[in-house]
Asker: 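Got a structure here, written out as structure tokens. Questions coming.
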Amino acid sequence: MSSDVSSSQDKQSLHYIIRSGLAGGVAGCVAKTVVAPLDRVKILFQSSNPDFQKYAGTWSGAFRAGNEIYKSSGVRGLLQGHSVTLLRVFPYAAIKFMAYDQVHNMLMPSKQQETNLRRFCAGAISGMTSVCFTYPLEVFRVRLAFRTKSLNSSERTSLLQALHQIYHEQASVPQSHEAVARKQIFEQFPILKFYRGFTATIVGMVPYAGVSFLSWGYLRSCFIPSKSEYKKPTPIADLTIGAVSGALAQTASYPFEVIRRRMQVGGITRPDRWLRWGETVRAIWQANGWRGFYVGLSIGYLKVVPMTAVSFAVWQGGKRVLGV
């Protein structure tokens with residue numbers, strides 16, 4: 001009993017929290033770098049970029065789209081927006097994994113108290129916490145990745161240019177009393193423009209992070225029992241379990257991801273409108289039916305499965321190195 005209390009107190013120490021966050025931040029950056037070109041293509045598909053819709057819907061289309069980007073812009077084109085991605089991912093992943101460690105310790109201080117519901121809740125809470133702190137950088141990243149030559153006279157858009165554009169966007173809505181009040185709020189608080197699609201992101205983060213950490217914890221409890229002398233965690237085991245967790249999480253949350261991408265690029269595709277949940281969902285449904293909510297899912301698997309696998313494996317490896 002005393003050892004459990006001591007372990008709990010140690011996990012709440014500043015030294016433990018910093019090391020846990022460092023391991024998570026590095027894991028996120030490594031994982032995102034591995035799949036950066038696929039991430040760019042997926043964003044172009046999800047947000048219905050007119051230059052790349054002809055490639056959407058097939059595995060080979062993803063590679064053809066990547067090849068077109070490479071021919072027109074080289075490696076820099078495949079990594080467009082990646083510097084902003086790293087700026088966002090390090091604090092995002094650091095906060096997510098650090099928060100998960102802390103919430104897991106509070107909800108499940110011992111192995112006997114671990115349940116699938118608590119695993120899900122710990123993952124969902126950690127995911128939402130990280131999004132709240134880092135969301136504006138996610139909007140920057142999507143805007144930079146969405147830009148193509150036909151949509152912008154300059155080949156590349158800097159972070160400062162994207163920031164300036166978003167800040168000065170004008171959103172108009174139908175002139176009802178509610179709409180006028182909403183428009184006045186956006187004019188008084190331009191910072192809200194950096195949170196396009198935030199509600200969809202938060203809602204989607206619940207199944208994504210919840211299912212991801214639920215699958216991770218459950219599969220590890222099944223295949224890597226604690227205090228086992230014969231089955232110890234290995235990088236291969238971490239990669240495999242992480243890959244399965246990523247696939248399940250992607251399937252559960254993908255429609256929300258498509259919705260938030262559309263809302264995030266709303267200032268580019270519909271600068272005269274402030275896109276909302278209802279009209280975004282209707283637009284996707286009217287254009288492609290239920291399939292529209294799963295456009296790019298194949299490339300989503302191609303990206304998320306290795307990304308989640310690498311992320312969990314590097315996180316666990318970093319924790320072992322740092323003694324967390």
Asker: Thr115: what forms a side-chain hydrogen bond (donor to acceptor under 3.5 Å, both in side chains) with it, not counting sequence neighbours?
Answerer: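 So Thr115 forms no side-chain hydrogen bond (donor to acceptor under 3.5 Å, both in side chains) with any residue.
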Asker: Checking Arg291 against Tyr294: charged group under 6.0 Å from the ring centre and within 45 degrees of the axis?
Answerer: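 Because its charged atom misses either the 6.0 Å distance or the 45° angle limit, Arg291 does not stack over Tyr294.
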Asker: Does any part of the side chain of Phe312, heavy atoms only, come nearer than 4.5 Å to the side chain of Phe97, both counted from C-beta?
Answerer: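 When only atoms from C-beta onward are counted, Phe312 and Phe97 do touch, with a gap below 4.5 Å.
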Asker: Between Lys96 and Thr129, is any pair of side-chain heavy atoms under 4.5 Å apart?
Answerer: no
Asker: Looking at Ile95 and Phe133, what are the two nearest heavy atoms and their distance?
Answerer: CD1-CB, 3.7 Å
Asker: Keeping the roles fixed (side chain from Ser72, backbone from Ile69), state whether a donor-acceptor pair exists under 3.5 Å.
Answerer: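 Indeed, once roles are kept as given, a pair shorter than 3.5 Å links the two residues.
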Asker: Search all heavy atoms of Pro207 against all heavy atoms of Ser253 and return the closest pair with its distance.
Answerer: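 The answer is CG-CB, 4.0 Å.
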Asker: Can you sort out the partners of Tyr16 under ring-ring contact (aromatic ring centres under 6.0 Å, His included), two or more places apart, ordered by chain and number?
Answerer: none
Asker: Using links of under 4.5 Å between side-chain heavy atoms of ILVMFWY residues, direct or through other members, which residues join Met108 in one cluster?
Answerer: Val103, Met106, Leu107, Ile125
Asker: What pair of heavy atoms forms the shortest contact from Ile241 to Trp216, and how long is it?
Answerer: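 So the two residues come closest at CG2-CE3, 3.6 Å.
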Asker: With a 3.5 Å distance limit and no angle check, can you tell me whether Arg88 reaches the backbone of Thr134 through a side-chain donor-acceptor pair?
Answerer: no
Asker: Taking it one step at a time, do Arg220 and Asp238 satisfy side chain to side chain contact (heavy atoms under 4.5 Å, CB included)?
Answerer: CA-CA 8 Å; Arg220 281 177 64 87; Asp238 290 336; 2.9 Å; yes
Asker: Measure across Gly292 and Val258 and return the closest heavy-atom pair with its distance rounded to 0.1 Å.
Answerer: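 Gly292 and Val258 have their closest heavy atoms at O-CG1, 3.6 Å.
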Asker: List in chain and number order the residues that pass ring-ring contact (aromatic ring centres under 6.0 Å, His included) with Tyr100, two or more places apart in sequence or in another chain; answer none if no residue qualifies.
Answerer: His104, Phe213
Asker: Does Tyr208 form a side chain to side chain contact (heavy atoms under 4.5 Å, CB included) with Tyr254? I'd like the steps, not just the answer.
Answerer: CA-CA 8 Å; Tyr208 180 78; Tyr254 197 78; over 6 Å; no
Asker: Set out, in order, the CA-CA distance, both residues' side-chain angles and the distance that settles side chain to side chain contact (heavy atoms under 4.5 Å, CB included) for Ser212 and Thr308, then state yes or no.
Answerer: CA-CA 9 Å; Ser212 181; Thr308 309; 4.2 Å; yes
Asker: Could you give the side-chain donor-acceptor pairs of residues 20-35 under 3.5 Å, partners two or more places apart or in another chain?
Answerer:
residue: Ser20; atom: OG; partner: Asp101; partner atom: OD2; Å: 2.6
residue: Lys32; atom: NZ; partner: Asp39; partner atom: OD2; Å: 3.2
residue: Thr33; atom: OG1; partner: Cys29; partner atom: O; Å: 2.8
residue: Thr33; atom: OG1; partner: His82; partner atom: NE2; Å: 3.3

Asker: Under the criterion side chain to side chain contact (heavy atoms under 4.5 Å, CB included), I'd like the reasoning laid out for Phe90 against Leu137: C-alpha separation, chi angles, the key distance, then a yes or no.
Answerer: CA-CA 11 Å; Phe90 185 86; Leu137 286 171; over 6 Å; no
Asker: Within this structure, what is the OH-CD distance for the pair Tyr301 and Gln250, rounded to the nearest 0.5 Å?
Answerer: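 These two atoms lie 7.0 Å from each other.
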Asker: Report the distance from atom OG1 of Thr199 to atom CD1 of Ile259, rounding to the nearest 0.5 Å.
Answerer: 9.5 Å
Asker: Under a 4.5 Å cut-off applied to non-hydrogen side-chain atoms, are Lys319 and Arg19 in contact?
Answerer: no
Asker: Drop me the distance from Glu114's CD to Lys111's NZ, to the nearest 0.5 angstrom.
Answerer: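 Between Glu114 CD and Lys111 NZ, I get 4.5 Å after rounding to 0.5 Å.
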Asker: Considering non-hydrogen atoms only, spot the tightest contact between Leu219 and Ser245 and give its length.
Answerer: CD1-OG, 4.4 Å
Asker: Who pairs with Glu68 by side-chain hydrogen bond (donor to acceptor under 3.5 Å, both in side chains), at least two apart in sequence or on another chain?
Answerer: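 Glu68: side-chain hydrogen bond (donor to acceptor under 3.5 Å, both in side chains) contacts with Tyr55.
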Asker: How far apart are the closest heavy atoms of Met205 and Val131, and which atoms are they?
Answerer: CE-CG2, 3.5 Å
Asker: Measure the shortest side-chain to side-chain distance between Leu214 and Cys121 over non-hydrogen atoms and say whether it is less than 4.5 angstrom.
Answerer: no
Asker: Going by distance alone, is a donor N or O of one side chain under 3.5 Å from an acceptor N or O of the other, for Arg64 and Asn67?
Answerer: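 No, no side-chain donor-acceptor contact under 3.5 Å.
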